[in-house]
A.B. asks: 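My questions all concern the structure below.
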Protein chains: 2
Amino acid sequence: MASTLEDVARAAGVSTATVSRVLNDPDKVAHATRARVSEAVEALGYTPNFGARMLASNRTNTVGAIIPSLSNAMFASGIQAFQEVLSEAGVNMLLGSTGYSDAEELRQIKTLLEHGAGGLLLIGTERPAETYAYMARRNVPFVVCWATSEQYLSVGFDNTRAAFEMTQAVLARGHRDIAMIAGPMVGNDRATDRVAGVRAAIAQVPDARLVHLVEQPYRLEHGADGFTAVMQADPPPTAIICGNDVLAAGALIQARRDGVSVPDQVSIVGFDDIGLASVSAPAITTVRVPQIEMGRQAASVLLAAIAGRDGVVSETLDTEVILRASLGDVPRK
Amino acid sequence: MASTLEDVARAAGVSTATVSRVLNDPDKVAHATRARVSEAVEALGYTPNFGARMLASNRTNTVGAIIPSLSNAMFASGIQAFQEVLSEAGVNMLLGSTGYSDAEELRQIKTLLEHGAGGLLLIGTERPAETYAYMARRNVPFVVCWATSEQYLSVGFDNTRAAFEMTQAVLARGHRDIAMIAGPMVGNDRATDRVAGVRAAIAQVPDARLVHLVEQPYRLEHGADGFTAVMQADPPPTAIICGNDVLAAGALIQARRDGVSVPDQVSIVGFDDIGLASVSAPAITTVRVPQIEMGRQAASVLLAAIAGRDGVVSETLDTEVILRASLGDVPRK
DNA sequence: CTGTTAGCGCATTCAT
DNA sequence: ATGAATGCGCTAACAG
């Protein structure tokens, strides 16, 4: 059995309060007794019981982060940066992943709150009202990332605008017949906004049009399927805009299988600038997302919100179109 | 403020004991009251206070998993499978990541244990004695994955053997001057074992030799650096074995930059078979690791260990060399 | 500076 | 089947 505060107190010949003090606020204790207590702590291999501590103090020094998927490199460095800032502040991070399921996200939220999370980082703004209602009832501070929000505290970027700019880059190379392989839009504002951005940019150019739009889960093989689907449009697209780099990479694979040359016959562009984008052949033109900065700022903002500081405000970060070989000029007929 | 058991009890017109029962042992409660209580729980958005529950019952239904890195797709699907099995058993998973740091791993272990993890999944067997000693003192069950162990409970595969087989595949194509871009070996048994496997296979073929070995962190750019380094060996290698697919992909990038044709001038092979391996050009010959099966079995084994069942035993799974275009015959001089 | 005391929210006897 | 009472290990007033 693990030893308790009382065991330590007895061993050191002091009260439990004193032991608690040397653990939490050593300056309040006389040098001599502090030494005696520390010795007893060592000797007994005492570890505080988190549950009891949480119960008594109502403080946990813990926040939760919930991401849709572990297999998408898109979130990794942002979360890592988030965690770094937190740990500098002496705050622990608990992580959960949902597999893009709303139900699982709510489950994870409950789990992390149960385990003492005093605040949450969530990805994207679109989720069931039930989820928001739950967090409101629990009165838990949260920050949404990888997107912007007018309603909730957010640290992210404007997906619509980023997709708009990417599409302009595509149009600038002369493409007019454009297809899109989007991510799953239901319950996913990032995917939805990116489609909206593409549409808006196309609408500004009179003879440009979206010849085909398909939705595909964020996996390589579905990017490949998407490529096959959109190439059957009439007329076929000369450029394919993908909802993220994984889809773009999948599309590239299928293009190679089909003997379709990229970018000579068709251009393919992605989103997120994960490592994959620079490795594929050809390298993928994409949108760079300020992941690390996003993670760092999310941490600051969330900590401030938890501390109840006012003047805590959402942040919108900039993205950048990264031009690589997968985007070329429109082929001449 | 979050609502408590007592709030729910009051709202439902019952005692706290009854509410506690419907939450933990519903069969012990009459149908009608159970319904009334559940309703009150819903209405108030009640979530149990984990600390209190842990304090009172000494049970947590929680396990922790700690992985070296979020940015490596290598762990994603295994962990997801792990989590699925757990959640079928009504057990929550808490996740932590360490950035390949021993100190951070110990910190995470402490954090997760404090937060109620009753068992742990860890990656690999090599870590400071201090870490093992800590877990022993806390008497916490754990299972190590992605490796095998004679000392600890493990569910994984034999990295040495897998690397051995891969190297045999390389030797079979006539390569004799072989280089290796290994992962960081300090504190990383997977990396160390893979090097050992390569060495062992090379030792079996008289005129084969390891012309150069470098260690690099698992990132694309370091794979590129590694390529540059090993190509300066005299004689230069005709095949480069990489510690994982990320390093291999990085090496491919540099090869392309340098105008070195793969596999015509030099072959490059990786390890893990992450998505990247099939996307790069050329596709990367690699070792497929049974991630999902590993995750599932790890969960079963860990749950059994936590339950104190005996006959809990380590599992070793098979790997498979996946031949792709990046491995070719040795070039003729 | 240190001890005493009173809960924190819950599971769990023991009654009824 | 349900309620009342107890204590888990700790922190936080409050005294001294």
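Order of the sequence lines fixes the chain letters, A, B, ..., with proteins taken first and strands second; residue numbering starts at 1 for each chain. All heavy atoms count here, side chains included; hydrogens, waters and symmetry mates do not.
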A.B. asks: Looking at B:T4, does any N or O in its side chain come under 4.0 Å of the phosphate oxygens OP1/OP2 on C:dG9?
C.D. replies: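 B:T4 to C:dG9 OP1/OP2: no side-chain N or O under 4.0 Å.
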A.B. asks: Pairs in or reaching into residues 289-308 of chain B: which pass ring pair (Phe, Tyr, Trp, His ring centres under 6.0 Å), with residues at least two apart or in two chains?
C.D. replies: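 Ring pair (Phe, Tyr, Trp, His ring centres under 6.0 Å) check on residues 289-308 of chain B returns no pairs.
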A.B. asks: Could you tell me how far apart B:N61 (CG) and C:dA11 (P) are, to the nearest whole angstrom?
C.D. replies: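 So the two atoms are 11 Å apart, to the nearest Å.
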A.B. asks: Going by number, which of residues 26-42 of chain B have a non-hydrogen atom under 4.0 Å from DNA chain C?
C.D. replies: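 Per residue number, the list is empty: none.
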A.B. asks: Rounded to the nearest angstrom, tell me the gap between atom CZ in B:F50 and atom C1' in C:dA11.
C.D. replies: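 From B:F50 CZ to C:dA11 C1': 14 Å.
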A.B. asks: If the plane angle is over 60° it's perpendicular, under 30° parallel, otherwise tilted; pick one for B:F142 and B:Y152.
C.D. replies: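 It falls in the tilted class, 30° to 60°.
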A.B. asks: Between P on C:dC10 and CG on B:D25, what's the gap in Å once rounded to a whole number?
C.D. replies: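 One finds 17 Å between P of C:dC10 and CG of B:D25, rounded.
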A.B. asks: For A:E88, is the CD atom crowded, meaning more than 12 foreign heavy atoms sit under 6.0 Å from it?
C.D. replies: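 Buried by this count: over 12 neighbours within 6.0 Å.
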A.B. asks: Can you list the residues that meet the side chain to side chain donor-acceptor pair (under 3.5 Å) rule with A:T131, with sequence neighbours excluded?
C.D. replies: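 For A:T131, no residue satisfies side chain to side chain donor-acceptor pair (under 3.5 Å) once neighbours in sequence are set aside.
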A.B. asks: Return the value, rounded to whole Å, for the distance between atom CE of B:M54 and atom P of D:dG9.
C.D. replies: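 Atom CE in B:M54 sits about 11 Å away from atom P in D:dG9.
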A.B. asks: Any side-chain N or O of A:T18 below 4.0 angstrom from OP1/OP2 of C:dG3?
C.D. replies: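 Checking A:T18 against C:dG3: at least one side-chain N or O falls below 4.0 Å of OP1 or OP2.
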A.B. asks: Listing request: all ring pair (Phe, Tyr, Trp, His ring centres under 6.0 Å) pairs with a residue in residues 10-41 of chain A, at least two apart in sequence or in separate chains.
C.D. replies: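 Listed once each, the pairs would be none.
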A.B. asks: Output side-chain donor-acceptor pairs under 3.5 Å for residues 107-126 of chain A, partner residues at least two apart or in another chain, one line each.
C.D. replies:
from, atom 1, to, atom 2, distance (Å)
A:R107, NE, A:E104, OE1, 3.3
A:Q108, NE2, A:E104, OE2, 3.0
A:T111, OG1, A:R107, O, 3.0
A:T111, OG1, B:N92, ND2, 3.3
A:H115, ND1, B:H115, O, 2.9
A:H115, NE2, B:T62, OG1, 3.2
A:E126, OE2, A:G187, N, 3.3

A.B. asks: Within this structure, what is the CD-to-P distance between B:E6 and D:dG3, rounded to whole angstrom?
C.D. replies: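 The distance from CD of B:E6 to P of D:dG3 comes to 13 Å, rounded to the nearest Å.
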A.B. asks: Ring pair (Phe, Tyr, Trp, His ring centres under 6.0 Å): which pairs involve residues 292-314 of chain A, sequence neighbours left out?
C.D. replies: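 Residue pairs passing ring pair (Phe, Tyr, Trp, His ring centres under 6.0 Å), neighbours aside: none found.
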A.B. asks: Would you please name every residue forming a salt bridge (Lys or Arg N to Asp or Glu O under 4.0 Å) with A:D7, sequence neighbours left out?
C.D. replies: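 Salt bridge (Lys or Arg N to Asp or Glu O under 4.0 Å) check on A:D7 returns A:R10.
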A.B. asks: Filter on salt bridge (charged side-chain N to carboxylate O under 4.0 Å, His left out), then keep only pairs touching residues 52-78 of chain A, sequence neighbours left out; what's left?
C.D. replies: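 Every pair satisfying salt bridge (charged side-chain N to carboxylate O under 4.0 Å, His left out) with a residue in residues 52-78 of chain A: there are none.
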A.B. asks: Can you give me the bend angle of the helix from C:dC1-D:dG16 to C:dT16-D:dA1? Use the axis through the first five pairs and the one through the last five, nearest 10 degrees.
C.D. replies: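 That helix gives 30° between its end axes.
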A.B. asks: Can you tell me how far P of D:dC8 sits from CG of A:N49, to the nearest Å?
C.D. replies: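 So the CG-P distance, A:N49 to D:dC8, works out to 12 Å.
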A.B. asks: Roughly how many Å is it from CD in A:E114 to P in C:dG9, rounded to a whole number?
C.D. replies: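 After rounding, the reported distance stands at 15 Å.
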A.B. asks: For B:R34, what residues pass the salt bridge (Lys or Arg N to Asp or Glu O under 4.0 Å) criterion, not counting sequence neighbours?
C.D. replies: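 Listed in chain order: nothing, the list is empty.
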A.B. asks: Base, backbone or nothing for each nucleotide of nucleotides 11-16 of chain D, written B, S, -, heavy atoms under 4.0 angstrom, 5' to 3'?
C.D. replies: BBB---
A.B. asks: Can you name the ring-ring contact (aromatic ring centres under 6.0 Å, His included) partners of B:Y100, sequence neighbours left out?
C.D. replies: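 With neighbours one apart ignored, the set is B:Y218.
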